[in-house]
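First comes the structure, then the notes that go with it.
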Number of protein chains: 2
Amino acid sequence: MDKTGFTHLLPNKDSCHDCFKKEQCLAKQLTISDVEGLSALISKNIKYRCGDYIYRQGDTSENIFIVKSGATKSLINSVEGNELVIGFHFAGEVLGFDAIDTNIHASSVLALDNSIICGFSRQLLDRLCTTDATFQKELIARFSHEIVRDYQLLILINKKTAEQRVAIFLLELLVRMGSSRGQVIHLNLVMSRADIASYLGLVPETVSRVLSKFERMGMLVVKKKKLQIVNDQLLVKYSNNQPLQKLPEPNAMEGNAIPLALLY
Amino acid sequence: MDKTGFTHLLPNKDSCHDCFKKEQCLAKQLTISDVEGLSALISKNIKYRCGDYIYRQGDTSENIFIVKSGATKSLINSVEGNELVIGFHFAGEVLGFDAIDTNIHASSVLALDNSIICGFSRQLLDRLCTTDATFQKELIARFSHEIVRDYQLLILINKKTAEQRVAIFLLELLVRMGSSRGQVIHLNLVMSRADIASYLGLVPETVSRVLSKFERMGMLVVKKKKLQIVNDQLLVKYSNNQPLQKLPEPNAMEGNAIPLALLY
DNA sequence: CGACTGTTTGAGACGCCTCAACAGATGTGG
DNA sequence: CCACATCTGTTGAGGCGTCTCAAACAGTCG
């Protein structure tokens, strides 16, 4: 409510050369040298608070954005008014590809957490495109990557059960958070159940039920937005829709975790 | 069966300048002059027969393709083996964007009909990207467009009823086929019920049922793959999930169309 | 403290899928 | 030419998974 669009734009005092995310930057070469002073066209380190919009559907596109820290979600408002979450974005990921064609954003993006985001002006984009073949390839590669990602999301929503969707979602988060596998992993969900549900084509109640079931199965421990992944192998099996045996009824286990040995 | 990948590659005898689709071409400027002889890098007028693959998921990407006539579908095979139709492509549309990043196609494309397709080598793509700002902008615009299209498909599959999906699908086809509205329109579905179903996240039986219902409502006449759209306004209403009154039971009408006056 | 939001859990409804039977079109071979 | 198989599309009956609706609870904020 009180947070709508409130942002702090810091002066460009930080050089790209010192950026702690320069390895993943769209324009890596600017981080090596900046002979033409192009990095002045970058609005660095814009801080957003949880709930702030980075841009809104329908806005004129001024920048491409790169998430340096924090997390965001992107969503579309359909004509009926309900909103659909189409993605979550973490450090190193690029925002704003949906507006390059029409110059108008087809989706909104807002911060799920306090986030630092780097703004990359359209002017700079055009300039680098024409002068810098490396940048160009990188840009096109990211476009292509985005399309492939959308394809996967389509499969996810089209053909998977609720349990598969949640399992896949969690595994995907594990990968993107860079966690190592095969041990107890703490996963901090920055998004709400409603966000997850919308993203997966479900309702919040269903997401909640599935997480509860996974907890009863001994796959994970749910504590609000903190998850402990106890058995990611089982999660993988569920993501492939291969539950190993008939599941116990909720009331049959009284909320206790099943001995893992029983499941193999 | 006997059609797998059988294609005819004609010599490059046709100039881009004479191409009947040059207005929609990705590289319009080649159609004006070809000073550098770049159009020799284009494999023109490759003919595909119904069922031929243009490329397969996993193939190394050699070309970008532009549909000159006919129709194609693109699909992904998921790990479980079932295939998912993710799009249909008609004259003027570009194929192969999914492989620019990895150089490996993430989807397959095959002809739904006898089709003529123009192959645009990756080499030429790279060359034009670096030398031609207009081409570059056009390419990026088409990428962006593809992403927005995927978003819309996500909404379609995520939040719509079966009837909405079919109605939206038909209206979309009407637009892309360039038909004028407000009169009886003949629509030739080149794809099977199974293709439509897969694309819309349904099963063929459901598509068939919805089409039958629409026919009973007096919205259209179904004759195999030939559709007559009788009342597209009603189709629009159904696409917004606003059926006007309780529907009559199938057996109540004995297959006769409802007098349209009853519906308003 | 109450108001509010987000989450969990349960009971019931409903939409779409599954399975099955059948019709029509198409192709094949004798 | 017909008999037969195959494939696509249609229609029906029943089941299941997810949604809807409702209630209760926890956590947060004023």
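The chains referred to below are lettered A, B, ... by the order of the sequence lines, with proteins before strands, and numbering in each begins at 1. Just so it is clear, the values below take in all heavy atoms, side chains as well, and ignore hydrogens, waters and symmetry mates.
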A/Asn158 CG to D/dT18 P: how many Å, rounded? 14 Å
For the side chain of A/Asn240 and the backbone of A/Lys237, is there at least one donor-acceptor N/O pair under 3.5 Å apart? no
Nearest-angstrom distance from the residue atom CD of B/Glu163 to P of C/dC14: 15 Å
Under 3.5 Å: donor-acceptor pair, side chain of B/Asp98, backbone of B/Ser107: yes
Round to the nearest Å and state the distance from B/Leu112 atom CG to D/dT8 atom C1'. 15 Å
Is there a donor-acceptor pair closer than 3.5 Å between any side-chain N or O of A/Arg193 and the backbone N or O of A/Pro204? no
With sequence neighbours left out, write down each residue that passes side chain to side chain donor-acceptor pair (under 3.5 Å) with A/Ser61, or none if nothing qualifies. A/Arg122
Between A/Glu205 and B/Pro204, name the one whose nearest nucleotide on DNA chain D is closer to the 5' end. B/Pro204
A/Ile196 has an atom CD1; how far is it from atom C1' of C/dT7, in whole Å? 11 Å
Closest to the B/Arg193 side chain, choosing from C/dC19, D/dC19, D/dG9: D/dG9
Mind checking A/Val210 for me? I need base, sugar-phosphate or nothing, with any heavy atom below 4.0 Å counting as a touch. nothing
Examine C/dC16: is either OP1 or OP2 under 4.0 Å from a nitrogen or oxygen in the side chain of B/Thr206? Give yes or no. no
Does a nitrogen or oxygen in the side chain of A/Ser212 sit under 4.0 Å from OP1 or OP2 of C/dT9? yes
Over all strands shown, is A/Val222 touching base, sugar-phosphate only, or nothing at heavy-atom distances under 4.0 angstrom? sugar-phosphate
Distance-only, no hydrogens or angles: does the A/Asp232 side chain make a donor-acceptor pair with backbone N or O of A/Leu235 under 3.5 Å? no
Below 4.0 Å: OP1/OP2 of C/dT9 and any side-chain N or O of A/Arg209: no
Rounded to whole Å, how long is the line connecting atom NZ of A/Lys224 with atom P of C/dT5? 19 Å
Would you say the side chains of B/Lys225 and B/Asn188 form a donor-acceptor pair under 3.5 Å? no
Contact class for B/Leu211 (heavy atom, under 4.0 Å): base, sugar-phosphate, or nothing? nothing
Let me know the distance between CG of A/Leu189 and P of C/dG6, rounded to the nearest Å. 15 Å
What is the distance, to the nearest angstrom, from the CG atom on B/Asp195 to the C1' atom on D/dC7? 14 Å
Rounded to whole Å, how long is the line connecting atom NZ of B/Lys225 with atom C1' of C/dA25? 12 Å
Would you mind classifying the nucleic acid contact of A/Ser208 as base, sugar-phosphate or nothing, using non-hydrogen atoms under 4.0 angstrom? base
Once rounded to the nearest 0.5 Å, what's the spacing between atom OG of B/Ser69 and atom OH of B/Tyr48? 12.5 Å
If you check every side-chain atom of A/Thr161, which of D/dT20, C/dC16, D/dT18 has the closest atom? D/dT18
Strictly distance-based, threshold 3.5 Å: is any side-chain N or O of A/Ser212 a donor or acceptor partner for the main-chain N or O of A/Ser208? yes
Rounded to 10°, tell me the angle between the two end axes of the helix from C/dC1-D/dG30 to C/dG30-D/dC1, each built from five pairs. 30°
